[in-house]
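Throughout, a chain's letter reflects where its sequence line sits, starting with A, and its residues are numbered from 1. Values below: all heavy atoms of this structure, side chains included; hydrogens, waters and symmetry mates excluded.
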Amino acid sequence: MTVAITGIKGFNDILPGEVEKWQRIEATARRVFENCGFSEIRVPIMEKTELFARSIGDATDIVEKEMYSFVDKGDNRVTLRPEGTAGVIRSFIEQKLHAQDPVAKLYYMGPMFRSERPQKGRYRQFHQIGAEVTGITNPRIDAQILVMLCRFFAELGITEPTLQINSLGCPECRPAYRAALKEYLEMRRESLCDDCRRRIDTNPLRALDCKVIGCGEATAEAPSVLQHLCSGCDEHFASVRRHLDATGTSYSVNHRMVRGLDYYTRTTFELVTGLLGSQSAVAAGGRYDGLIQELGGPKLPGIGFAMGVERVALLLSDEGLARRPDLFIAAHGEAAGDEAFRLMILLQGEGLRVELEYEGKSLKSQMRRADKLGARYTLVLGEDELVSRRGKLKEMASGEQQELPLEPAALARALSCS
RNA sequence: GCGAUCAUAGCUCAGUUGGUUAGAGCACAAGAUUGUGGAUCUUGGGGUCGCGGGUUCGAAUCCCGUUGGUCGCCCCA
């Protein structure tokens, strides 16, 4: 016996029954984002490795150990994208979209790849829906993005995650804060966990959201970014908050919130939930005012976010999402089978979801199948019906049955008027 | 990369101190009505007990290894 080939660890199948959730999430994102003036962009899932190294940051875990990178046949170093922003910005620059209009409002959806150990809400191939805006410095766009994100969740009926915002400052003010924090942590090195001692040098901000209780106590009085913002960043953040207040958007300020990617500046945010085990962020993003230039483009600001579709799906109840046939045609006898097939094809052309039993089975078996599929109606077609040209249409929920001419128009009418 | 934990039918699980052909419920299929679903009943198909090795007269059960899943750490959407 041949051994069945399995899928790759962390690369999952999304099966019918589950996929309906995904369709709903994607459709909702398209509708909400496009209402806000965004257009879809589709970029490759593979880019030159250099793009990610430069944008995400050489020293981040993502670039250091989580990327699927390899050398292709042309000796190019390429990488399956670990996130979406880099590719979108690369395209924005390469296609010179800024020449026509420095303001681009783009959204994307698709698979991302990170070679991490899979666990709840975290897989090696995972999916993100994200949005990016270029060319706008005004904090109103920060607020627009946040309101759009909140509205997306509201429309899906997901109320659990809460919005947290923070500001990371800019190249003007962040170095000074970083130094002050480092100095503070250095003084308390003994009370920190091993991880945090390492973080003092690698990423001091990380120590602020360490889960170890001792570290939380040790950093309770640590300097806050918000108190080290330069006047420009401070005003920007205050303005974002004012606009959120004015639009009735609820949020909380979390000055200990940290971002994993190097390119973030000023406003950062997360939608967090307690329902996903150790993965608390459902969506996250922020401003990246230096990235476009860093990647060889014009000096334009940017802001964006991404959400994890698997994580959104985990928060979404799956009731009432399965698609049901409008009609099942149960045929008795070979000639009736031919007619049933012909009718099915015609009715499908009318936009109805119609099914039948392909292998000749008993009428009882066909009725069972109609029931299992959840068909709203079943058309019973046998020799008698072929002679009279009138079929028996049964409404499955009530069991009521009526006779109808075997004409697609008559059947379509009967199905749609209920 | 580190740690914990689990693995018996498609799914959820039972399987006694190691003992004969490994069971149940659900699901699936056929029938009870030779032309009518759901409820009930009957019958049926389906299992390398994750894999490999060891102990033993005998292993789903005990031991070792290994693979896979899940969860946590790290990190992240």
Side-chain angles (χ1 to χ4, degrees), chain A residues 1 3-4 6-10 12 15 56 59-67 81-85 109-130 149 161 193-196 198-199 202-203 206 209-212 258-261 269-273 276-286 304-315 328-333 336 357 359 361-386 391-401:
Chain A
M1 195 177 92
V3 180
T6 60
I8 303 170
K9 181 205 280 280
N12 299 323
L15 304 176
I56 297 169
T60 59
D61 277 20
I62 293 178
V63 172
E64 253 179 21
K65 46 194 187 197
E66 296 176 359
M67 295 204 303
R81 63 182 183 190
E83 60 104 44
T85 301
M109 49 186 70
M112 309 291 163
F113 304 86
R114 290 182 203 172
S115 180
E116 304 175 271
R117 191 69 156 265
Q119 58 186 263
K120 187 176 188 181
R122 200 176 76 182
Y123 311 99
R124 292 187 169 178
Q125 174 176 327
F126 62 104
H127 298 76
Q128 289 187 335
I129 300 177
L149 193 52
C193 70
D194 289 347
D195 280 328
C196 283
R198 177 175 53 76
R199 284 170 180 140
T202 59
N203 191 351
R206 274 272 162 234
D209 70 348
C210 182
K211 286 165 195 157
V212 176
V258 183
R259 304 275 59 228
L261 283 54
F269 50 89
E270 275 181 11
L271 264 109
V272 298
T273 173
L276 294 179
S278 60
Q279 274 62 242
S280 59
V282 183
F305 67 82
M307 67 178 93
V309 180
E310 282 84 355
R311 295 181 184 181
V312 177
L314 283 168
L315 298 177
F328 187 94
I329 306 181
H332 186 252
E357 170 60 56
E359 309 293 352
K361 291 198 176 172
S362 70
L363 190 61
K364 175 191 211 53
S365 166
Q366 295 183 57
M367 291 303 291
R368 277 191 183 143
R369 182 158 181 80
D371 185 57
K372 188 176 98 178
L373 294 173
R376 286 161 55 224
Y377 287 90
T378 299
L379 179 69
V380 180
L381 240 183
E383 279 155 36
D384 297 349
E385 286 79 9
L386 284 186
K392 298 199 173 66
L393 186 68
K394 182 170 189 172
E395 185 181 12
M396 297 302 276
S398 64
E400 283 169 25
Q401 196 161 291

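- Judged by distance alone, the side chain of A:R114 and the main-chain N or O of A:E66 form no donor-acceptor pair under 3.5 Å.
- Distance check, rounded to the nearest 0.5 Å: CZ of A:F328 to CD of A:E357 gives 6.0 Å.
- The residue A:L261 sits close only to the backbone: its heavy atoms come under 4.0 Å of sugar-phosphate atoms, none of a base.
- For the pair A:E310 (side chain) and A:H127 (backbone), a donor-acceptor distance under 3.5 Å is present.
- Put simply, CE on A:M367 is 15 Å from P on B:rA29, counting in whole angstrom units.
- Atom C1' of nucleotide B:rU36 and atom CG of A:L363 are separated by 5 Å, given to the nearest angstrom.
- Side chain of A:R124 to main chain of A:P118: no donor-acceptor pair is present (N/O by atom type, distance under 3.5 Å, no hydrogens or angles).
- Within the model, atoms CD1 of A:I129 and CZ of A:F305 stand 9.0 Å from one another, a figure rounded to the nearest 0.5 Å.
- Using a distance-only test at 3.5 Å, with no hydrogens or angles considered, a donor-acceptor pair links the side chain of A:Y123 to the main chain of A:G121.
- Residue contacts shown for A:S365 are limited to sugar-phosphate atoms, with no base heavy atom under 4.0 Å away.
- With rounding to whole Å, A:K364 atom NZ is found 10 Å from B:rA30 atom P.
- Residue-level contact check: A:V380 touches the bases, meaning some heavy atom is under 4.0 Å from a base atom.
- Comparing the P positions of B:rU21 and B:rG25 gives a spacing of 23 Å, expressed to the nearest Å.
- For the C1' atoms, the distance from B:rU70 to B:rA30 is 38 Å, rounded to whole Å.
- Atom CE of A:M112 is separated from atom P of B:rA77 by 11 Å (rounded to the nearest Å).
- At least one donor-acceptor pair under 3.5 Å links the side chain of A:Q366 to the backbone N or O of A:A331.
- Rounded to whole Å, the P atom of B:rU12 lies 14 Å from the corresponding atom of B:rG50.
- Residues A:R311 and A:L381 each lie close to RNA chain B; by heavy-atom proximity, the contact nearer the 5' end of the strand is made by A:L381.
- Comparing the same atom, C1', in B:rC11 and in B:rG54 gives a spacing of 34 Å after rounding to whole Å.
- Rounded to an integer number of Å, the gap from A:K372 NZ to B:rA27 C1' is 9 Å.
- Residue A:G399 is classed as a base contact, given a heavy-atom separation below 4.0 Å to a base.
- Regarding A:Q366, its CD atom lies at a distance of 11 Å from the P atom of B:rG35, rounded to whole Å.
- Residue A:E64 is out of contact with every strand shown, counting any heavy-atom pair closer than 4.0 Å.
- Contact detail for A:T378 and A:M367: the closest heavy-atom pair is CG2-SD, 3.8 Å.
- Put simply, CZ on A:R368 is 8 Å from P on B:rA29, counting in whole angstrom units.
- Only the C1' atoms considered, B:rG10 is 8 Å distant from B:rC28, to the nearest whole Å.
- With both ends at atom P, the span from B:rG1 to B:rG46 equals 41 Å, rounded to whole Å.
- Contact annotation: A:K361 side-chain N/O to B:rA30 OP1/OP2 distance is under 4.0 Å.
- Nucleic acid contact for A:K392: base, since at least one base atom lies under 4.0 Å from a heavy atom of the residue.
- Atoms CG (A:L314) and C1' (B:rA77) sit 12 Å apart, rounded to a whole Å.
- When the P atom is used for both B:rA32 and B:rA14, the distance is 38 Å, rounded to whole Å.
- By the 6.0 Å contact criterion, CD on A:E383 is open, its count of non-hydrogen atoms from other residues, nucleotides or ligands being 12 or less.
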Go along nucleotides 68-75 of chain B 5' to 3' and tag each nucleotide: B for a protein heavy atom under 4.0 Å from its base, S when only backbone or sugar atoms are that close, - otherwise.
-S-SBBBB

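- Interatomic distance, CG of A:L271 versus CG of A:L149, reported as 5.0 Å (0.5 Å rounding).
- Heavy atoms of A:E83 sit nowhere under 4.0 angstrom from any nucleic acid atom.
- B:rC71 and B:rG31 have their C1' atoms separated by 46 Å, with the value rounded to a whole Å.
- OP1 or OP2 of B:rG31 has at least one side-chain nitrogen or oxygen of A:S362 nearer than 4.0 Å.
- At the heavy-atom level, A:A331 lies nowhere under 4.0 Å from the strands shown.
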Dot-bracket for RNA chain B, please, read 5' to 3', with Watson-Crick or G-U wobble pairs under 3.5 Å on both distances, ( ) within the strand, [ ] crossing, | other strand, . unpaired.
(((((((..((((.....[...)))).(((((.......))))).....(((((..]....))))))))))))....

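- As judged by a 4.0 angstrom heavy-atom cut-off over every strand, A:A370 is placed among residues making no nucleic acid contact.
- Distance alone, capped at 3.5 Å, is enough to place a donor-acceptor pair between the A:R81 side chain and the A:P111 backbone.
- Side chain of A:Q128 to main chain of A:E83: no donor-acceptor pair is present (N/O by atom type, distance under 3.5 Å, no hydrogens or angles).
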